[in-house]
Amino acid sequence: MQLLLLHLDDALELQPDFVRACTLAGACHHVDKLSGKAIRLWSRQNMLAELGRDIARSLPPRSKGPQLAFMGSGDFHHVTALLLDAALERRPASTTLVHFDNHPDWVNFEGGMHCGSWVNSALSNPYIERVVTVGVCSHDLRNPERRGANLSWLRQGKLELYPYEHPPSRVKADYGNGPSYHQDGGALHWNSISEIGEDNFIDRILSRIGTEAVYVTIDKDVLAADDAVTNWDQGRMRLPYLLALISEIGSRHRIIGADVIGDYSVPNYAGGIMTRLLKQAEIFIDQPRLRQAADAVRNINSAANHALLEVLAETMG
């Protein structure tokens with residue numbers, strides 16, 4: 001396993017114990033805060049492509065094993081699309097993407113890629129058989145079409161979404177029924193983890209992974225506030241349950257790559273004045289204000305990262 005710390009902001013630097021543990025474990029560090037400021041929240045495709053090339057150049061030559069990346073704020077979740085494509089270039093195989101997140105990241109976004117739109121890019125990769133999104137509790141599932149959701153993936157069976165808990169979602173079109181939902185009139189009724197039961201859901205998710213190869217992406221905003229501090233609103237999953245799910249998946253499937261995001265950092269943007277204003281306006285509307293002391297933020301996030309590193313390193317070999 002190749003461990004990568006991707007420093008696009010200062011989130012990981014604020015956790016020196018975790019960074020030191022990763023360095024001792026042989027982690028590569030790729031520091032590019034200038035690009036981080038430019039691509040944070042959303043980016044043009046050419047800038048993301050250049051970042052992908054820079055990351056590849058920072059890794060040891062002929063590195064073919066699975067890669068585990070930690071990369072700061074959830075504002076960078078669209079970087080997962082780069083890491084996923086690279087993993088599938090190294091190990092081409094039919095693959096299931098397991099996506100832990102409090103947000104579905106399925107919106108249509110023109111002219112680039114948003115941290116809330118990258119699932120569309122993942123599903124366009126011919127090696128991705130299915131995306132299974134787990135743990136959503138956010139308002140993104142309320143009237144999702146009005147929020148720009150690309151629900152066609154549900155109808156095609158390429159995307160399954162299992163909220164931790166969520167009321168039915170009002171929709172206009174006919175999406176039929178699927179493994180993770182059924183439609184009754186103008187509403188999608190989700191098969192949530194809370195209704196299935198946590199123990200039963202472990203069997204459910206394993207039954208929905210039809211490939212040997214799996215890529216795992218974890219946005220820690222899927223976790224309850226006691227287990228992570230992020231830039232976004234957070235879900236209700238507890239860390240021990242997330243670790244159990246990862247362990248069960250890894251014991252039955254070959255994890256070809258994984259990444260972890262969701263560490264809080266102060267938003268900082270580069271680009272033209274209009275771009276910066278638009279991004280600042282978006283986070284003012286969508287992101288809650290941080291109300292915790294810096295020491296508490298560091299301790300909570302570092303503890304979660306240590307635990308995730310331990311279980312992912314064990315399952316990825």
Side-chain angles (χ1 to χ4, degrees), residues 41-42 73-75 77-78 97-110 113-123 131-198 201 204-205 208 217-225 228 230-238 242 261-262 278-291:
L41 212 60
W42 74 72
S73 171
D75 289 356
H77 210 165
H78 44 316
L97 172 63
V98 180
H99 169 212
F100 296 99
D101 206 320
N102 192 41
H103 307 89
D105 293 352
W106 58 9
V107 302
N108 292 299
F109 187 77
E110 300 295 330
M113 199 184 307
H114 193 284
C115 65
S117 77
W118 67 271
V119 164
N120 294 294
S121 175
L123 281 164
V131 173
V132 181
T133 297
V134 179
V136 177
C137 293
S138 69
H139 292 172
D140 298 89
L141 298 187
R142 294 183 182 176
N143 300 308
E145 292 163 312
R146 294 183 183 178
R147 297 173 183 269
N150 184 357
L151 299 184
S152 65
W153 299 117
L154 287 173
R155 185 190 292 115
Q156 296 174 41
K158 294 278 288 182
L159 172 66
E160 296 181 14
L161 187 146
Y162 297 92
Y164 193 85
E165 58 183 36
H166 208 280
S169 305
R170 295 188 60 81
V171 291
K172 295 180 180 179
D174 180 11
Y175 294 100
N177 297 319
S180 61
Y181 70 92
H182 69 275
Q183 188 164 3
D184 180 10
L188 298 182
H189 296 258
W190 302 101
N191 296 328
S192 68
I193 297 172
S194 61
E195 291 179 344
I196 296 171
E198 287 191 346
F201 181 72
R204 172 67 66 89
I205 190 172
R208 302 310 303 159
T217 180
I218 301 160
D219 188 336
K220 292 195 296 184
D221 67 19
V222 75
L223 296 171
T230 77
N231 286 91
W232 294 85
D233 55 303
Q234 292 182 226
R236 296 176 178 84
M237 188 178 294
R238 299 309 305 264
L242 173 60
I261 62 165
L278 286 172
K279 290 185 177 183
Q280 289 166 0
E282 181 174 335
I283 67 165
F284 180 79
I285 295 170
D286 289 342
Q287 294 185 355
R289 307 285 82 78
L290 181 68
R291 291 182 170 85

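Numbers here are sequence positions counted from 1. Only a predicted model underlies this, so the values are computations on that prediction, with no experimental measurement involved. The figures here come from the full heavy-atom set of this structure, side chains too, leaving out hydrogens, waters and symmetry mates.
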Report the distance from atom CG of L41 to atom SG of C115, rounding to the nearest 0.5 Å.
4.5 Å
Once you round to the nearest 0.5 Å, how far does CG of D105 lie from OG of S138?
9.0 Å
What pair of heavy atoms forms the shortest contact from W106 to P144, and how long is it?
CZ2-CB, 3.9 Å
Under 3.5 Å, is there a donor on one side chain and an acceptor on the other for H189 and E195?
no
Indicate yes or no: at least one non-hydrogen side-chain atom of L154 is less than 4.5 angstrom from one of Y181.
yes
Exercise: do N231 and D75 side chains pair donor with acceptor under 3.5 Å
no
Could you tell me whether the side chain of R236 and the main chain of Q234 form a donor-acceptor pair under 3.5 Å?
no
Relative to each other, are the rings of H77 and H99 parallel, tilted or perpendicular (30° and 60° limits)?
perpendicular
Could you tell me whether a side-chain N or O of S180 sits under 3.5 Å from a main-chain N or O of L161, the two making a donor and an acceptor?
yes
Counting distance only, does the side-chain N/O of D233 pair as donor-acceptor with the main-chain N or O of P288 below 3.5 Å?
no
Exam field: side chain R147 to backbone R142, donor-acceptor pair closer than 3.5 Å
yes
Distance check, rounded to the nearest 0.5 Å: W232 atom CH2 versus I283 atom CD1?
8.5 Å
Value rounded to 0.5 Å, distance of NZ in K158 from OG in S152
11.0 Å
Judged by atom type as modelled, is there a donor-acceptor pair below 3.5 Å linking the side chain of S169 to the main-chain atoms of L141?
yes
Do the side chain of D221 and the main chain of N102 share a donor and acceptor less than 3.5 angstrom apart?
yes
Under-4.0 Å salt bridge between R208 and E160
yes
Taking the side chain from Y162 and the backbone from I196, do they hold a donor-acceptor pair closer than 3.5 Å?
no
N177 side chain to Q183 main-chain N or O, any donor-acceptor pair under 3.5 Å?
yes
Hey, what do you get for OG (S73) to NZ (K220), rounding to the nearest 0.5 Å?
10.5 Å
